[in-house]
Visitor: 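Pasting a structure below so you can have a look.
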Amino acid sequence: MNPDADTTPGWYAIRTHSDHHAEQLLTPEVNEIYFPKETILTTAGTPRTRPIIPHLLFIHTTRAKALQLEKRSHDTADRLPPLWIYRTVRGEDPRPISQREITLFKLLTAPDATRCEIFNKTDFRSGQRVRITGGIFAGHEGHIKRIRRNKHVIVEIEGICAIMLPFIHPDLLTPINTKIPPANGRITQK
């Protein structure tokens, strides 16, 4: 555990069943809040705001403040709706989200993001790890996955969610070679 983690602001993902209400009450409590949502038209033609990923918000605050908000949310005397901070794999400490991960998440959930497939290129196969070499997603890594007969790059925010990237041209992808031990014990390039 980093000794500055309690005093240095960072991003934390929280889960709550009252996401709109939590956003409203948490906004004055934290440095910044990111609640990915979109506006849709109802069958009556009126606009309505709905979460892109229901029950998920991101808060920018210190670790100590995040834990305090979580504790307060379970106190019946407090007006905060119940919320839970996403924890590390062991489940002990809140899992901080890097600035790089939150920036990618904001790019992917922006209102103008489109969901397109990668051009079918035989060089990339399902499950293959790739790095994006150009464009707004340059430097991010993920893996190829076939979804509804189309190939997409999937980037994971460990323990929280997996995100299907919008259109990435294959010329902007480079395979990440992984070393796998063969049966004879020698390491070869895949």
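What you see is a predicted model, and the numbers here were worked out from it, not measured in a lab.
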Visitor: For Lys106, I'd like to know if atom NZ has over 12 heavy atoms of other residues, nucleotides or ligands within 6.0 Å.
Guide: yes

Visitor: Is a side-chain N or O of Thr42 found less than 3.5 angstrom from the main chain of Thr46, in a donor-acceptor match?
Guide: yes

Visitor: Do Leu69 and Glu29 have side chains that approach each other closer than 4.5 Å (heavy atoms only, starting at C-beta)?
Guide: yes

Visitor: Any non-hydrogen side-chain atom of Glu32 less than 4.5 Å from a side-chain atom of Phe58?
Guide: no

Visitor: Supply the atom-to-atom distance Leu25 CG to His20 NE2, rounded to the nearest 0.5 angstrom.
Guide: 13.5 Å

Visitor: Quick one: does any side-chain atom of Thr27 pair with a main-chain N or O of Glu23 as donor and acceptor, under 3.5 Å?
Guide: yes

Visitor: Please round to the nearest 0.5 Å and tell me the distance separating atom CZ of Arg131 and atom OG1 of Thr174.
Guide: 7.0 Å

Visitor: Can you name the nearest heavy-atom pair linking Ile85 to Ala66, along with the distance?
Guide: CD1-O, 3.2 Å

Visitor: Where do Thr7 and Thr62 come nearest, in terms of heavy atoms and distance?
Guide: O-CG2, 3.5 Å

Visitor: With heavy-atom distances below 4.5 Å as the criterion, would you say the side chains of Glu141 and Arg129 are in contact?
Guide: yes

Visitor: Kindly say whether the aromatic ring centers of His60 and Tyr12 come within a distance under 6.0 Å.
Guide: no

Visitor: When rounded to the nearest 0.5 angstrom, what is the spacing between CD1 in Ile53 and NZ in Lys37?
Guide: 14.0 Å

Visitor: With the side chain counted from C-beta on, respond yes when Pro94 and Leu67 share a heavy-atom pair under 4.5 Å apart, and no when they do not.
Guide: yes

Visitor: Answer yes or no: is there an ion pair linking Arg63 with Asp93, defined by an N-O contact shorter than 4.0 Å?
Guide: yes

Visitor: Please lay out, stage by stage, how Tyr86 and Ile97 fare under the test side-chain contact (heavy atoms from CB on, under 4.5 Å).
Guide: CA-CA 10 Å; Tyr86 281 84; Ile97 299 170; over 6 Å; no

Visitor: Are Trp11 and Thr61 close enough that some pair of their side-chain heavy atoms sits under 4.5 Å apart?
Guide: no

Visitor: Between Gln99 and Thr103, do the side chains contain a donor N or O and an acceptor N or O under 3.5 Å apart?
Guide: yes

Visitor: To the nearest 0.5 Å, tell me how far Ile14 CD1 sits from Leu57 CG.
Guide: 5.0 Å

Visitor: Which atom names give the shortest non-hydrogen contact between Thr16 and Pro82, and what distance separates them?
Guide: OG1-O, 2.8 Å

Visitor: Looking at side-chain heavy atoms only, is the closest gap between Thr39 and Arg48 below 4.5 Å?
Guide: no

Visitor: I'd like to check Leu26 versus Leu83 (side-chain heavy atoms, cut-off strictly below 4.5 Å). Are they in contact?
Guide: yes

Visitor: Could you state the interatomic distance from CZ (Phe105) to CG (Leu56), rounded to the nearest 0.5 Å?
Guide: 5.5 Å

Visitor: Do Arg87 and Arg95 come within less than 4.5 Å of each other through their side chains, counting heavy atoms only?
Guide: no

Visitor: For a quick check under 3.5 Å, do Glu70 and Trp84 share a side-chain donor-acceptor pair by atom type?
Guide: no

Visitor: Is there a donor-acceptor pair under 3.5 Å between the side chain of Ser18 and the backbone N or O of His21?
Guide: no

